[in-house]
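Convention: sequence-line order gives letters A, B, ...; per-chain numbering from 1.
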Amino acid sequence: MTRSIERYNPRVEEPRWQKAWEDAKSFEVSNDDPRERYYVLEMFPYPSGRIHMGHVRNYAMGDVLARYKRAMGLNVLHPMGWDAFGLPAENAAKQTGSHPKTWTYANIATMRAQLKSMGLSFDWSREFATCDVEYYQRQQKLFLDFLKVGLVTRKKSKVNWDPVDETVLANEQVIDGRGWRSGAVVEQRELTQWFLKISDYSEDLLEAIDKLDDWPDKVRTMQRNWIGRSDGLRLLFELLPSAKTAATSIEVFTTRPDTIFGAGFIALSPDHPLSAHLGKADPALREFIAEFHRQGTATETLEKAEKLGHFTGLRVKHPVRPGETLPVYVANFVLMDYGTGAIFGCAAHDQRDLDFARKYDLAVIPVVLPPEASPEDFEVFDDAYVGPGTIYHSDFLDGLPIDAAKKEIARYFAALEVDGKPQGVVETNYRLRDWGISRQRYWGCPIPVIHCPTHGVVPVPDADLPVKLPEDVTFDRPGNPLDYHPTWKHVPCPICGEASRRETDTMDTFVDSSWYFARFTTPHADAPTVPAVANSWLPVDQYIGGVEHAILHLLYSRFFARAMHKTGHLGMDEPFNGLFTQGMVVHETYRDSKGDWLLPEEVTVEGMGESRRALHARTGEPIEIGAIEKMSKSKKNVVDPDEIVRTYGADTARWFMLSDSPPERDVQWTEAGIEGASRFQQRIWKLLQDMLEISAVATSGPADPEAASVRKLVHRAVHNVGEEIEGLRFNRAVAQIYELTNTLTKFAAKLEAAPSAEGVAALREGVESLVQLIAPMMPHLSETCWAALGKTGMVADAGWPKADPGLLVDSTVTIAVQVNGKLRGELVVPKGMAREEVEKQALSLEAIARMLDGKAPRKVIIVLDRIVNVVT
RNA sequence: GUGGGCGUGAUGGAAUGGUAGACAUACGGGACUUAAAAUCCCGGGGCUGUAUAGCCGUGUGGGUUCAAGUCCCACCGCCCGCACCA
C-alpha cells in the first residue's frame, strides 16, 4: 500500500468505548435474566494505593473468560470489590495522620479509575468494599448466627503474638516463625480469643477435596497436607508409683502402634502439664524447660535443632514386655499442640527417636524386618527404618505386615484397662486447628458481643446491628484504638442494662474475604444473602487468583460456605467449582555499584546474550543485572500499569499479559514484549484498512482457488480460539490469532495484486471473524474495527462467530512417511484413503524406494491419515 | 527431611505416544527512505565449506515401543509448598 494509513490511537479510542459500555450498561447483569448463568470471579484486591501488573494479568484473564462467555450467550456475573480492612490503613494513619477510612476510600477511588481504564467488563453496580458498614454489618449477622449454632467459641489459648503489629496471628499467618505481614519474630502469649470452629469440618473439608476436579492438583495437595489427617492409637502407659507426682498414667498418641515392642522411652513435651509439675521440684528440669522457651520461637534458624532431653526420674511399665520399664524424659522435639503432647519413642523406626536414643544411650530394638532382610543380619545404625516389612521380635505380632499389626495391637489394647479406661483407643488427629479470628486492631469488623458482669458474653441483638466503628480514634500509641477510645466500649448489657464492656477485638480480615463472593450475588440485600439468588449463581464457575492463597483464603472460604449452609444463608458447601492459579509477573532487577536498586526506566539495556549489559540511563554508569524476580516495590523492578496504559493503551497491556507464557506460569515483563504487542495492534488496524480499500476496488474478478483455503483457515481459527479460551490456554489462543492475522495479511497483499470478488469476500469474512476473536483480549480495538466494518451495535453485545463444521475438516491430509521411525518423506492423499493404497504410494516414494534398495519391508505400520512407518 | 512441579533454539514457549521447535521476541539479510524510525519481504537448532543429501539433537544414563520431548526406572539440576505432626 502506498497510501498512508492513520495509526490506531488507543488514547482516543479506549476512553470512548469505556464510556459507551458504561452508558449502555453493557456489563450489568440481572438476577432475573432467565438465561444460563456463569460466574467468573477474580480475587478482589486490597486497596493498597495502586494497581500493579499482577492485577492486570489476573483481571485480563478473568475478563477474557467473561467476555467470551457473554458472547456465547450466557448471563455472566463478573463483579469487582475491595478487600478493604487491614493493617496498612492503620500504619498509614500512624505515619501520615490520615484516617484509615479516608486513606482506604481514597485508594479505592484511585484504583477503581485505574481498573476502569483497563476496559474490564465488570458489573460496577455490584461493587462494594468490605469496610462499608453495609457489608460488615451483614458479616456481624453471620457471626451471630454462627455463634448460635455453636460454630464460634471463646477460649483462652496460647496465641501467636506479633510484637511489631501488636496483634494476634492465626497459625496460617505465621511463616517460618515470623508474622506474614510484619516479618517480626512471633512470640507466644496467653489470651482469651474468639475462634471459628473450622475443626468441626476437618474431615469434611478433607474428603470434599477429592471432588474438586477443576482445582489444580497442587492446591488440593496443599490443602490435604494442611488439614493433615493422621490415624493412630491413643495409648495409656501406667506410671510406676513415685513421690514426684500423683499421676498414675501418661497418655501418648502414635501412628505406629505396631512398633510398640520396640518402645525404648517415653518423651513429654516441655509444655506438657506433667513437665511443668515435675519442674517445680527439679531445678535442672525447670532450667531445661526455660531454655526450651528461650529457643522456642527462634528455632526457625536452627534447621536441624539437636534433640535434647531431660530424664524425669519417672518410669512406666512396658505395656507388652512384662517386668520391663521405660524411662520418661522431657524432650525438646515433642510438640504440645499435636496429639497428647507425649510420645513413646521407638528408636529403630523413627529418625527423631533414633537420634534421641543414640544421644542418651537408650535401647534400639528393631521390630520391623524389611522385605528381603534376614532377622540375623538386619541392624539399625544411623538411619531408622521406616519402610514396609514384617513385624518380628514382637511376640504375638510376629510375622504380621505393618497394617495387620496395627489392627491387632489396637484390638489388644482396647481390651485392657489402665486407670479404669481402655488402654488403647483408635483415634484420628488433624493438624488443622480452630481459626482464631480476634485481632486487637481498629480497622476491622467489630465482633458484635458485649461482656456483662452478670450475664457474661451477651451477643448484640440483631436489631442493634450494625456495631459501627467509631470514627474519632487516634493512633498515637501502641495497641488497640478501640480499647482506649473514651466512650465506645462502655455500653449497657442488652439483657439487664447493667454497665458492660463492648468487645473491642475486631475480626481477622480473612473473615471479610471468606464470603464476599456470595455477597456479590445480592450486594444490597438486607440479609447477608438472598439464598435463592445466591444458590442460582454459586458455586463460582471460575475463580482466578494467585497461588499464595492456596491455603488460607481458599480453606477459610470453603469453611464459610459450610457454615453459611448450616445457618441457612447458602445452599451448598463448596464455593468455587473451578479454580485457576495464575503465575506472577516477574522482571529483571537492577542495582548500581552502591548496591541501590534501580527502576527499569532508569536503566538502558544493550546488546544480547553474553554481551548483554545495562547502563544507567542518565550517568552511563554500568549497572548490575540481577535475578528475575516477582515485581516488588522494595527491589524496584516494577512497571506502573498507568504508565503503560498511557503509552501503549490498555489493549496492548492486556494482550501482552496474555501472550507467550502459559497463564499458570510466571511471565517476564520485557520492553520488547510490550512493543511487540503494540505493533500487533497496529497490524490488525492496517489489515482492516487494507481490506476495506481492496473490497472497494475489487468487485469482480476471476474465481480464486485460494479463497476456499483461506476460509478454511478462518473457520479453524474461530474454532480453535474458542477451545483455547475455554481451557484457559490464553497463550495458545493468542498464537492462533497471530497465525490467522499472518495468513490474512499475506492474502490481502496477494489480492491487491490480483483482485477477485471471491477472494475479497473471503478476506472480509476473515477480518470480521478476526475482529470478533480479539474482542475478549483487546476489546477497545475490536469495537473500533467493528464500527469501521460498518456493523451496527457493539462487539460487546455481539455473539461469538460460529465455525462451519464443514470447513473444519480437510479433504486431503499430509501423511508423514518414516523408515524405522525416521522421517523420510511426505505423502499428500485424500483423507481416509485405504491402507493398501497408502502403503503402495508410500513405498513408491523415491526416497523410500532408495532406502529399501529393492528389498521388501519387514513390516509397514499405518496410522490412518497420520503416519506410515516402514520397518526394514 | 517430605510432598508437588519443571528441565525443548539466543529468549518466552508449541507439540492426543505419530513430521520436534507452532506463535512471538531478539538477531541477520533485503525492499522503501536523502537518512533514520515505522512498515513490508526473506532467513533461521547444530554439524557435514555448497544441500533438492546425510548425521546429530528435547538435563544425564538405561528401558518399553514399529515409533518417546511425551510412558517406565535411576541419577543430576532448578523452582514451589510443608516441616521435630509422633
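The base of B:C84 sits within donor-acceptor range of the side chain of A:Lys307, with an N or O pair under 3.5 Å.
The distance between atom CZ of A:Phe333 and atom C1' of B:A83, rounded to the nearest whole Å, is 15 Å. One interatomic measurement links the two molecules: CG of A:Asp350 to C1' of B:U2, which rounds to 14 Å at whole-angstrom precision. Counting to the nearest Å, the P atom of B:A83 and the CE atom of A:Met222 are 10 Å from each other. What separates CG of A:Asp271 from P of B:C84 is a distance of 14 Å, to the nearest Å. Nucleotide B:G4 holds its P atom 17 Å from the CD atom of A:Gln223, rounded to whole Å. The CD atom of A:Gln668 sits 15 Å away from the C1' atom of B:C79 (whole-angstrom rounding). Between the OH atom of A:Tyr338 and the C1' atom of B:C82 there is a distance of 14 Å, given to the nearest Å. Whole-Å rounding puts the A:Ile551 CD1 to B:G3 P distance at 17 Å.
Mapping A:Asn820 and A:Ser230 onto RNA chain B by nearest heavy atom places A:Asn820 closer to the 5' end of the strand.
Here, B:C79 and B:U19 have their C1' atoms 33 Å apart, quoted to the whole Å. Using atom P as the reference point in both B:U70 and B:G57, the two lie 13 Å apart (nearest Å). Remark: the separation of the C1' atoms in B:G45 and B:G13 is 15 Å, to the nearest Å. With P as the reference atom, B:A20 and B:C56 are 13 Å apart, rounded to whole Å.
Partners of A:Arg558 under the side chain to side chain donor-acceptor pair (under 3.5 Å) rule, at least two apart in sequence or in another chain, are A:Gln223, A:Glu574. In this structure, A:Asp666 has no side chain to side chain donor-acceptor pair (under 3.5 Å) partners at least two apart in sequence or on a different chain. Residues forming a ring-ring contact (aromatic ring centres under 6.0 Å, His included) with A:Phe413 (at least two apart in sequence, or on another chain): none. Under the rule for a side chain to side chain contact (heavy atoms under 4.5 Å, CB included), the partners of A:Leu713 that lie at least two apart in sequence or sit in another chain are A:Thr743. Not counting sequence neighbours, A:His272 has no partner by the ring-ring contact (aromatic ring centres under 6.0 Å, His included) test. Evaluation of the side chain to side chain contact (heavy atoms under 4.5 Å, CB included) rule for A:Glu251 yields A:Arg234, A:Leu236, A:Thr340 as partners, not counting sequence neighbours. Contacts of A:Thr589 classified as side chain to side chain contact (heavy atoms under 4.5 Å, CB included), with partners at least two apart in sequence or in another chain: A:Trp597, A:Glu629, A:Lys635, A:Asn637. Taking the side chain to side chain contact (heavy atoms under 4.5 Å, CB included) definition, one finds that A:Thr581 meets it with A:Pro216, A:Val219, A:Val547, A:Leu579, sequence neighbours left out. Remark: A:Tyr329 pairs with A:Phe311, A:Phe356, A:Tyr360 by the ring-ring contact (aromatic ring centres under 6.0 Å, His included) rule, at least two apart or across chains.
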Review item, nucleotides 51-55 of chain B N/O atoms under 3.5 Å of protein N/O:
from	atom 1	to	atom 2	distance (Å)
B:C55	OP2	A:Arg824	NH1	3.2

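For the pair A:Asp210 and A:Arg224, the salt-bridge criterion is met [side-chain N within less than 4.0 Å of a carboxylate O].
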For this session: Using a 4.0 Å heavy-atom cut-off, write out nucleotides 17-25 of chain B from 5' to 3' as B (base contacted by protein), S (sugar-phosphate only) or - (no contact).
Result: -BB--BSSS
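At least one donor-acceptor pair closer than 3.5 Å links the side chain of A:Arg433 to the backbone N or O of A:Arg431.
Residues A:Phe580 and A:Trp215 place their aromatic rings such that the two centres sit no closer than 6.0 Å.
Nucleotide B:G9 is shown with a syn base, its glycosidic torsion being within 90° of 0.
A:Arg256 comes within 4.0 angstrom of the backbone, heavy atoms only, and of no base. Here A:Val334 lies in heavy-atom contact (under 4.0 Å) with a base.
Put simply, A:Arg431 has a side-chain N or O that comes within less than 4.0 Å of OP1 or OP2 on B:A83.
Consecutive pairing runs in RNA chain B reach the stem threshold at B:1-7 with B:76-82, B:10-12 with B:23-25, B:27-31 with B:39-43, B:45-48 with B:53-56, B:59-63 with B:71-75, where a stem means at least three Watson-Crick or G-U wobble pairs with distances under 3.5 Å.
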